[in-house]
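Structure, as structure tokens:
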Amino acid sequence: MMMTQVETTVRYDNGYEDEYMMQEDEWDRDMLLDPAWEQQQRKTFTAWCNSHLRKAGTQIENIEEDFRNGLKLMLLLEVISGERLPKPDRGKMRFHKIANVNKALEFITSKGVKLVSIGAEEIVDGNVKMTLGMIWTIILRFAIQDISDGLAFCALIHRHRPDLLDYSKLNKDDPLGNLNLAFDIAEKHLDIPKMLDAEDIINTPKPDERAIMTYVSCFYHAFAGAEQAETAANRICKVLGVNQENEKLMEEYERLASELLEWIRRTTPWLENRTPEKTMAEMQRKLEDFRDYRRQHKPPKVQEKCQLEINFNTLQTKLRISNRPAFMPSEGKMVSDIASAWQGLEQAEKGYEEWLLTEIRRLERLDHLAEKFRQKATNHENWASGKELILSQKDYETATLTEIRALLRKHEAFESDLAAHQDRVEQIAAIAQELNELDYHDVAAVNQRCQSICDLWDKLGTLTQKRRESLERTDKLLETIDQLFLEFAKRSAPFNNWMEGAMEDLQDMFIVHTIEEVQSLIAAHEQFKATLPEADAERQAILGIHNEVLKISQSYGIKANIVNPYSTITFEELLNKWEKVKKLVPQRDGALQEEMARQHTNERLRRQFAAQANLIGPWIQTRMEEIGRCSLEIGGTLEDQMTQLKQCEHVIVAYKPNIDKLEGDHQLIQESLVFDNKHTNYTMEHIRVGWELLLTTIARTINEIETQILTRDAKGISQQQMNEFRSSFNHFDRVQLSTISHHWCLCLRSREGGKVEFARIMILVDPNGTGIVSFQSFIDFMTRETADTDTAEQVVASFRILAADKPYILVDELRRELPPEQAEYCIMRMPPYAGPGAPPGALDYTAFSTALYGESDL
């Protein structure tokens with residue numbers, strides 16, 4: 001014990017060489033006389049060497065083998081001396097090893113030690129006797145001799161009883177005071193008689209090691225019991241520390257799960273709300289809000305959900321490794337509950353975007369129909385304006401025969417005009433009906449206006465019929481009629497209606513989504529232009545009638561202002577409308593060509609999106625297959641698999657800009673109101689789902705490998721065993737889903753234990769009864785029976801040592817033997833002892849220990 005605490009340096013001269021030689025001879029003779037002594041010295045010297053080598057992060061297992069190359073021998077001398085030795089040779093040849101051992105022996109010799117019959121060749125050859133002799137010489141030089149300042153004895157006492165002295169206040173330059181302090185405390189508090197005099201140790205160049213060792217052995221016996229209690233306390237601290245860490249992880253899981261579930265609870269009703277807005281702008285805002293949700297709000301929550309599952313799996317693995325019961329989250333916060341809530345969110349989200357786009361199309365159609373209704377209604381109202389007043393006039397009562405004939409012809413022309421407008425009124429009613437069926441937001445105003453038009457139309461029909469009857473009664477009295485004006489009226493009215501219809505068609509709004517639809521409109525427009533020569537011929541004919549009237553007027557000297565009594569349409573109006581028609585034709589051409597250019601742009605966007613999507617989709621599938629292959633490989637180590645997965649994760653993260661670029665192209669397509677794409681089977685939703693699945697799969701696979709590494713290190717499983725486990729697991733994993741059915745357990749049942757053993761195995765590997773077994777559960781089962789883990793019985797035995805074999809333990813004993821934090825933890829959770837003969841305040845450590853491992857209801 002003293003040898004591991006004291007590392008001081010003392011200079012020796014050559015005056016002590018004979019004594020070292022004598023001690024070595026005595027050691028040699030003892031060895032020859034007692035062969036069992038060799039095995040005892042091997043164990044003792046190995047432990048002494050490791051107590052120093054552990055400070056450098058290494059140790060030895062076979063004392064004559066591990067010192068053969070000289071490397072650890074040189075390292076041992078550097079640790080115990082605090083000095084640097086010459087740089088060792090790194091070769092593996094024999095002469096390299098001899099060179100390194102010679103450097104170590106030369107260093108020992110430089111400290112005034114005479115090495116007799118110990119050469120580098122014997123150490124390199126693994127000579128047990130020479131190796132043990134060399135170590136004994138080092139012990140004599142660097143351990144037993146370095147006690148003259150008294151700090152070693154004080155350190156020994158302070159290590160086990162820090163309450164007896166303050167080591168930090170000792171002065172190395174006061175060896176006499178240090179030694180007397182150590183001897184007095186040992187005699188007074190540890191019941192160790194004062195066998196040595198401080199003056200003898202200081203004044204003697206080389207104290208007698210047998211006397212020193214005899215005195216040190218008294219410390220060993222005094223502290224043996226304390227060492228046992230310290231070991232028990234350390235075991236309890238370790239167990240309690242694991243328990244406290246697991247409780248913190250459980251609390252963190254509960255907090256994160258609550259926050260994620262609360263976010264899902266707030267978001268799902270918003271996605272389930274299908275209440276449409278009344279205007280296009282409001283629906284566009286809804287679509288922008290949804291895009292912000294997909295780009296900004298949801299991705300962090302996907303990461304949180306994935307991290308929550310990883311934390312849960314890590315916690316369960318730690319609990320299994322430490323032989324603790326599995327963690328059961330609060331009601332409603334299981335991983336399955338979160339997955340179910342997340343599935344509900346995904347289900348609500350799935351149809352939300354499609355609904356938004358459908359509503360936008362509907363509102364766009366409604367706006368188009370409403371504008372068309374307003375245009376036709378305005379044209380009709382303009383035409384019908386004043387018609388009721390005209391039809392209600394009784395001018396025929398005072399008119400001459402010529403005027404009556406004129407009125408009759410004018411009325412006939414009006415009836416022709418009225419019949420020509422019948423189709424327009426029917427179109428207005430049909431558009432109003434469609435607006436009602438599509439639930440237009442201002443349908444009340446549309447219905448009111450449509451009803452007014454229909455009521456006026458019916459009234460005009462009634463008035464027209466009544467006026468005709470009156471004129472026909474008067475017509476019997478009229479004989480003169482102006483055929484030219486009548487012919488003009490009859491031909492000008494249809495021609496005027498044709499031009500008005502043509503102007504409406506040329507100014508009609510159109511909505512198309514494909515190049516083919518634009519081409520169809522262009523073809524119809526070309527057909528219309530083909531009718532223009534025929535229309536121009538009709539215009540020339542009407543012009544001829546008008547010129548004939550002027551010719552007759554001029555020929556017969558008619559001075560009066562001649563007005564066509566049969567028509568309200570003048571020749572100037574026809575000319576103006578004809579010029580307007582000719583002007584609208586090229587405008588319509590330009591509008592159709594612009595729409596054709598826009599559709600070509602949309603087609604380019606479709607092809608651009610399809611080109612990227614057709615690359616990204618297969619790329620994601622390839623990465624998924626690579627992850628699957630990597631997780632099933634058994635050729636390399638788990639660290640190799642982890643490296644491959646990390647590299648794959650780096651590649652995936654680096655690929656994110658391609659997804660972002662595709663999102664940008666998708667947004668351009670949606671902003672252009674392009675709703676279909678025949679060039680690819682991939683939609684942005686497919687790419688998003690595949691990308692999120694890829695990120696989740698790589699994170700889960702990395703977590704599984706980390707869990708396997710943790711299990712392997714904790715259970716002491718070698719890489720060969722891990723590969724054998726994976727090979728066996730893959731034999732039953734027919735579809736390579738990293739899970740197997742109960743078939744392998746049935747194989748075990750047929751060989752070991754029957755139904756009872758089968759039931760026990762199923763409780764271990766599939767506690768939830770899912771019907772499948774994961775690779776982690778398979779490893780846990782294969783290593784559970786032989787695992788070297790803490791048990792409730794071991795913890796109970798440790799508490800019994802602290803309680804001095806009593807069935808209960810007192811608060812003062814806990815606070816004295818355990819660190820403050822662990823002591824208070826036990827006091828707060830340990831139930832009172834209910835057995836007989838216990839003093840007040842006695843605590844039941846047996847019930848507390850079994851509760852830690854889930855073996856009681858405490």
Side-chain angles (χ1 to χ4, degrees), residues 162 227-260 304 307-331 333-335 703 706-707 709-716 767 776 780 784 787-803 808-833 841-858:
E227 186 72 16
Q228 186 180 17
E230 179 183 356
T231 301
N234 289 337
R235 179 183 291 273
I236 293 172
C237 291
K238 175 185 176 183
V239 171
L240 297 180
V242 171
N243 215 58
Q244 290 171 310
E245 180 182 356
N246 291 340
E247 287 180 355
K248 292 179 181 178
L249 293 176
M250 295 174 189
E251 292 172 359
E252 179 66 11
Y253 174 87
E254 291 283 339
R255 182 184 67 80
L256 293 176
S258 298
E259 293 176 356
L260 182 58
E304 290 179 13
Q307 189 61 44
L308 190 66
E309 294 175 356
I310 292 173
N311 292 348
F312 180 85
N313 293 335
T314 302
L315 174 60
Q316 297 292 36
T317 300
K318 288 184 176 181
L319 291 173
R320 286 195 301 270
I321 291 173
S322 59
N323 204 21
R324 301 298 197 279
F327 168 56
M328 292 296 294
S330 302
E331 183 177 357
K333 298 180 182 178
M334 296 286 292
V335 172
N703 177 250
E706 290 173 344
T707 301
I709 293 174
L710 182 62
T711 302
R712 181 198 66 188
D713 296 340
K715 301 293 186 177
Q776 183 60 43
D780 291 341
R784 184 183 296 274
D788 185 15
T789 58
D790 294 319
T791 63
E793 290 77 12
Q794 292 175 329
V795 177
V796 169
S798 299
F799 273 115
R800 185 176 291 111
I801 293 173
L802 299 185
Y808 55 84
I809 191 167
L810 300 179
V811 173
D812 292 341
E813 292 174 333
L814 287 173
R815 288 175 174 163
R816 183 180 69 242
E817 301 294 346
L818 299 179
E821 183 179 358
Q822 277 73 25
E824 295 303 322
Y825 181 88
C826 292
I827 294 170
M828 291 177 62
R829 289 166 172 75
M830 197 173 288
Y833 180 73
L843 301 176
D844 189 350
Y845 58 79
T846 301
F848 172 78
S849 300
T850 56
L852 287 177
Y853 293 86
E855 299 178 5
S856 75
D857 295 330
L858 181 60

Before accepting this row, confirm whether a basic side-chain N of the pair Arg255/Glu259 lies closer than 4.0 Å to the acidic partner's carboxylate O.
yes

Can you find a heavy atom in the side chain of Ile809 that is under 4.5 Å from one in the side chain of Met830?
yes

When you check the side-chain N and O atoms of Glu813 and Tyr845, is any donor under 3.5 Å from an acceptor?
no

Going through the checks in order, is the side-chain contact (heavy atoms from CB on, under 4.5 Å) test met by Lys318 and Glu245?
CA-CA 10 Å; Lys318 288 184 176 181; Glu245 180 182 356; 3.4 Å; yes

Should the pair Glu821-Arg815 be classified as a salt bridge under the 4.0 Å nitrogen-to-oxygen rule?
no

On a heavy-atom basis, which atom in Ala847 and which in Pro831 lie closest, and how many Å separate them?
CB-CG, 4.0 Å

Are Pro325 and Leu319 side-chain neighbours, meaning at least one heavy-atom pair lies under 4.5 Å?
no

Quick one: side chain to side chain donor-acceptor pair (under 3.5 Å) partners of Gln316, sequence neighbours excluded?
none

Between SG of Cys826 and CD of Glu817, what distance do you get to the nearest 0.5 Å?
12.5 Å

Between the side chains of Asn311 and Gln307, is a donor N or O closer than 3.5 angstrom to an acceptor N or O?
yes

How about Leu810 and Leu843: do any of their side-chain heavy atoms sit closer than 4.5 Å?
no

What is the distance from atom CD of Gln244 to atom NZ of Lys248, rounded to the nearest 0.5 Å?
7.0 Å

Evaluate the side-chain proximity of Leu818 to Cys237: yes if any heavy-atom separation is below 4.5 Å, no if none is.
yes

Are the side chains of Leu814 and Phe799 in contact, using a 4.5 Å heavy-atom criterion?
yes

Value for OG1 (Thr846) from CZ (Arg800), rounded to nearest 0.5 Å, stands at 6.0 Å

So which atom in Ala803 and which in Tyr808 form the shortest heavy-atom distance, rounded to 0.1 Å?
CB-O, 3.2 Å

Using side-chain heavy atoms (C-beta onward) and a distance below 4.5 Å, is Leu249 in contact with Thr314?
no

Spatial distance of atom CZ (Phe312) from atom OH (Tyr253) [nearest 0.5 Å]:
5.5 Å

Would you indicate whether the side-chain heavy atoms of Val795 and Phe848 approach each other to under 4.5 Å?
no

side-chain contact (heavy atoms from CB on, under 4.5 Å), that's the test. Do Ile236 and Leu802 meet it? Break it down for me.
CA-CA 10 Å; Ile236 293 172; Leu802 299 185; 3.4 Å; yes

With rounding to the nearest 0.5 Å, note down the distance linking CG in Asn313 to CG in Asn703.
5.5 Å

Could you grab the distance from atom CZ of Arg320 to atom CG of Leu710, nearest 0.5 Å is fine?
9.5 Å

